[in-house]
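Let me begin by presenting the structure, written as structure tokens, before commenting on it.
Just so you know, these numbers use all the heavy atoms, side chains as well, and skip hydrogens, waters and symmetry mates.
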Amino acid sequence: MKNLLKIIVALSMITFVACESQKHISVTVIDEVTRQPLDSVFVQVDAGKNGVYDKNSDDGFTDESGKYETHMMIGCSFGCYDIRMTYTKPGYEKLIQLNNTIDTISLNKK
């Protein structure tokens with residue numbers, strides 16, 4: 001009986017650990033009109049559920065080719081987290097998107 005209990009506990013732990021996954025985020029930010037890459041766009045990445053994005057986060061700036069890339073751990077044991085991406089750059093409109101983590105993103109000038 002003790003061995004059965006140990007097996008059940010071990011399988012339960014493996015299940016919860018296995019539900020964590022690493023999310024690859026790779027976006028290229030461009031100007032909507034000129035279609036040219038935008039460097040120095042601040043990208044804020046937040047993970048969460050039900051409108052609360054406090055489970056994990058990362059941020060940084062796009063490089064000269066407009067690329068921003070990161071990896072983050074997200075939980076999926078009771079439903080995967082949503083990923084909120086926020087893009088800001090002086091002179092451009094702020095953009096917020098959900099679950100669009102591998103794409104080309106266009107920003108509009110103010």
Side-chain angles (χ1 to χ4, degrees):
M1 192 65 164
K2 286 184 181 181
N3 286 338
L4 179 59
L5 182 58
K6 287 180 183 179
I7 290 171
I8 291 171
V9 170
L11 288 175
S12 296
M13 295 298 288
I14 290 170
T15 300
F16 282 113
V17 171
C19 291
E20 290 290 317
S21 66
Q22 188 173 27
K23 181 77 171 172
H24 178 234
I25 297 166
S26 178
V27 294
T28 302
V29 184
I30 62 172
D31 181 283
E32 175 70 32
V33 175
T34 66
R35 310 304 287 173
Q36 295 299 308
L38 292 174
D39 68 339
S40 304
V41 175
F42 183 69
V43 182
Q44 174 72 41
V45 184
D46 298 300
K49 291 171 77 171
N50 303 321
V52 179
Y53 300 98
D54 63 354
K55 300 300 181 191
N56 201 350
S57 66
D58 196 16
D59 59 54
F61 290 91
T62 58
D63 63 16
E64 59 277 348
S65 64
K67 292 277 282 177
Y68 172 79
E69 193 166 6
T70 190
H71 293 83
M72 70 184 338
M73 294 299 291
I74 60 169
C76 289
S77 51
F78 300 104
C80 288
Y81 295 147
D82 289 320
I83 306 294
R84 180 179 66 187
M85 306 281 293
T86 305
Y87 304 91
T88 54
K89 180 174 176 77
Y92 286 84
E93 294 176 5
K94 179 179 182 177
L95 178 64
I96 300 172
Q97 295 184 327
L98 283 179
N99 300 320
N100 190 8
T101 58
I102 300 180
D103 205 355
T104 298
I105 309 302
S106 300
L107 292 185
N108 291 308
K109 286 192 175 183
K110 288 184 179 179

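Residues Ile25 and Val43 fall within the same hydrophobic cluster, defined by Ile, Leu, Val, Met, Phe, Trp and Tyr side chains chained together at heavy-atom separations under 4.5 Å. Cluster membership check: Val29 shares its hydrophobic cluster with Tyr92, using side-chain heavy-atom separations under 4.5 Å among Ile, Leu, Val, Met, Phe, Trp and Tyr. Val27 and Tyr53 sit in two unconnected hydrophobic clusters of ILVMFWY residues. Membership requires side-chain heavy atoms under 4.5 Å apart, directly or through other members.
Here CE of Met72 is found 10.5 Å from OG1 of Thr101. Values are rounded to the nearest 0.5 Å. Taken from CD in Glu69 to CD1 in Ile102, the straight-line distance is 8.5 Å, to the nearest 0.5 Å. The structure places CE of Met85 at 10.0 Å from CG of Asn99, a figure rounded to the nearest 0.5 Å. Rounding to the nearest 0.5 Å gives a distance of 8.0 Å between CD1 of Ile30 and CG of Leu38. Note that the NE2 atom of His24 and the NE2 atom of His71 stand 4.0 Å from one another [nearest 0.5 Å]. Once rounded to the nearest 0.5 Å, the distance linking OH of Tyr81 with CG of Asn50 reads 11.0 Å.
Taking each heavy atom of Pro37 and Gly66 in turn, the nearest pair found is CB-N, 3.8 Å. The heavy-atom pair separating Thr28 from Ser65 by the smallest distance is CG2-O, 3.7 Å. When all heavy atoms of Leu107 and Val41 are compared, the pair lying nearest together is CD1-CG1, 4.0 Å. For the pair Tyr68 and Phe61, the tightest heavy-atom approach, listed with the atom from each and the gap, is CD1-O, 4.0 Å. The shortest heavy-atom contact between Gly48 and Lys55 is CA-CG, 3.9 Å.
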Next item on the list: Apply side chain to side chain contact (heavy atoms under 4.5 Å, CB included) to the pair Lys89 and Leu95, showing each step before the final yes or no.
Entry: CA-CA 10 Å; Lys89 180 174 176 77; Leu95 178 64; over 6 Å; no
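A donor-acceptor pair is defined here as one N or O able to donate and one able to accept, closer than 3.5 Å; no such pair exists between the side chain of Asp82 and the backbone of Lys49. No side-chain donor-acceptor contact under 3.5 Å links Ser106 to the backbone of Asp31.
Asp103 pairs by the side chain to side chain contact (heavy atoms under 4.5 Å, CB included) definition with Asn100, Ile105, not counting sequence neighbours.
Environment of NZ in Lys67: crowded, with over 12 heavy atoms of neighbouring residues, nucleotides or ligands closer than 6.0 Å.
In this structure, the side chains of Val33 and Lys109 stay at 4.5 Å or more apart for every pair of heavy atoms.
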